[in-house]
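Data block below; observations after.
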Amino acid sequence: MTTTSSHSATSSSEPSDAATVAASQTRTTAPPIALRRLGPADPFRWLAKGLRDVRAAPGISVFYGVCFWCMALLLGWVFRTRPEYTMSLASGCLLLGPFLAMGLYDTSRRREAGLRPELSSSLTCWDSHMGSMGMLVLVLVVLELLWGRASLVVFAVFFNTGMPSTTGVLQAVFNPQNWSFVAVYALVGGVFAALVFSTSVVSIPMILDRDTDALTAGITSMRVVLENPLTMLVWGALITALVAVSLWFWGAGLLLAGPVLGFASWHAYRAAVEPVPPVEGLAATSV
């Protein structure tokens, strides 16, 4: 009698143990991240979707637009008072911008899921991703520091007419004697901008959506750029052009351009990375 009962207890525990093992194997053998092919016209579609998100969540858009505008005002003040630090601060703003945009990513994600967008949710959406976000922030901060140091070195070595005054920055920078400075400065800045863009173009939305580690997200982001170079070039050019045009009007254009680009970046991630497929084994087990 005792032997029979113990045998039945052991038999009844076997299915649950097997289910646990199967579930753990499923978690450890996650499917590889698949990417989609993108076309040169896709960035314009992302911008159109970003505009629709702005209309759907105007209050949240205004809040983040004001944040981007304040960054632009600070950048303009540094450009007028300490121009040699402009590139350093610009790189810092480019790093901070995507993290502000994470709140916009959360807004677009909630709209996709049929949920009501909330400012409070967008402000705290990074709480559960502190480990991955912290590591990615560290990588981007290192790039920002290297970019700032390189810009100062280029300024010291190639700028030939002395430190410009606050009223003659553009005239001094584009003086024929400083053309070599402009060329080297643009080259160095372009290299670091490409590194920052490649590392972050879809990594932050991916961390928010899948809670992946920073290394996987960064590598996936670089894969997207390498496999779709023309599309990513168009996307980067659109971002640069929209931000540059917005800055001409005391940065006020960022009140609209900032949220639009943030929402559009989420749609860029959705278009570039295949969604996680459903796990058939777990679905069958749950049934």
Side-chain angles (χ1 to χ4, degrees), residues 27 30-36 38 42-43 45-47 49-54 56-57 59-61 63-65 67-68 71 93-141 143-144 196-225 228 232 235-236 239 257-279:
R27 286 194 297 268
I33 298 171
L35 304 182
R36 293 169 171 164
L38 302 173
D42 286 336
R45 298 189 184 95
W46 305 336
L47 289 175
K49 292 180 179 179
L51 280 171
R52 288 198 291 269
D53 287 344
V54 168
I60 296 176
S61 301
F63 173 82
Y64 285 101
C67 293
F68 292 127
M71 290 167 55
C93 290
L94 289 174
L95 294 175
L96 179 61
F99 296 99
L100 284 176
M102 193 173 192
L104 298 172
Y105 305 155
D106 180 74
T107 300
S108 292
R109 184 178 66 157
R110 290 177 68 86
R111 288 195 64 233
E112 284 183 358
L115 302 175
R116 181 173 176 268
E118 296 179 354
L119 180 60
S120 59
S121 174
S122 71
L123 291 173
T124 58
C125 62
W126 47 266
D127 281 356
S128 58
H129 312 286
M130 283 294 294
S132 298
M133 286 298 296
M135 183 60 65
L136 186 61
V137 167
L138 178 62
V139 172
L140 294 179
V141 165
L143 288 175
E144 186 268 339
V196 171
F197 177 77
S198 299
T199 305
S200 60
V201 63
V202 300
S203 58
I204 299 175
M206 185 174 177
I207 289 174
L208 175 65
D209 184 44
R210 303 190 181 199
D211 196 25
T212 57
D213 61 275
L215 180 61
T216 300
I219 291 175
T220 302
S221 187
M222 291 182 176
R223 285 178 56 203
V224 169
V225 174
N228 303 278
M232 290 295 106
W235 181 224
I239 294 174
V260 168
L261 289 173
F263 290 134
S265 296
W266 171 262
H267 296 294
Y269 158 71
R270 280 300 198 206
V273 181
E274 289 279 1
V276 179
V279 181

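Position 1 is the first residue of the sequence, and the numbers go up from there.
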message: Contact between Cys125 and Tyr105 at the side-chain level, heavy atoms closer than 4.5 Å - yes or no?
response: no
query: Do Lys49 and Arg270 come close enough that some side-chain heavy atom pair is under 4.5 Å?
result: no
- line: Distance col, row Thr216:OG1 vs Ile207:CD1, nearest 0.5 angstrom, shows 9.5 Å
field: Heavy-atom side-chain contact between Leu123 and Tyr64 under 4.5 Å
entry: yes
message: Rounded to the nearest 0.5 Å, what separates atom CZ in Arg111 from atom CH2 in Trp266?
response: 13.0 Å
- request: To the nearest 0.5 angstrom, please state how far the CD1 atom of Ile33 sits from the CD1 atom of Ile219.
  value: 9.0 Å
statement: For Ala264 and Trp235, the nearest pair of non-hydrogen atoms, with its separation, is CB-CH2, 3.6 Å
message: For a quick test of reading the model, state the closest non-hydrogen atom pair linking Ser61 to Pro259 and the distance between them.
response: O-CG, 3.1 Å
statement: Rounding to 0.5 Å, atoms CZ (Arg109) and OG (Ser121) come to a distance of 7.5 Å
query: With a 4.5 Å heavy-atom cut-off, do Leu261 and Phe68 have their side chains touching?
result: no
task: Starting at OH of Tyr269, measure out to CG of Leu208 and round the result to the nearest 0.5 Å.
output: 8.5 Å
- line: In short, Ser108 meets His267 closest at the heavy-atom pair OG-NE2, 4.2 Å
- prompt: Any donor and acceptor pair, going by atom type alone, linking the side chain of Ser221 with main-chain N or O of Ala217 inside 3.5 Å?
  reply: no
message: Let me confirm one number: the CG-CE distance from Leu38 to Met232, rounded to the nearest 0.5 Å.
response: 5.5 Å
query: Between the main-chain N or O of Glu274 and the side-chain N or O of Arg36, is there a donor-acceptor pair closer than 3.5 Å?
result: no
- request: Taking Thr199 for its side chain and Gly218 for its backbone only, find out whether a donor-acceptor pair lies under 3.5 Å.
  value: no
- request: Check for a donor-acceptor pair, side chain of Ser122 on one end and backbone N or O of Leu104 on the other, with a separation under 3.5 Å.
  value: no
query: Can you tell me if CE on Met222 sees more than 12 non-hydrogen neighbours from other groups inside 6.0 Å?
result: yes
statement: Closest non-hydrogen contact found for Thr124 with Ser120 is OG1-O, 3.0 Å
message: What I want to check is whether the side chains of Asp53 and Thr107 have a donor and an acceptor closer together than 3.5 Å.
response: no
- prompt: What heavy-atom pair brings Gly262 and Ala101 nearest, and what distance separates the two atoms?
  reply: CA-CB, 4.2 Å
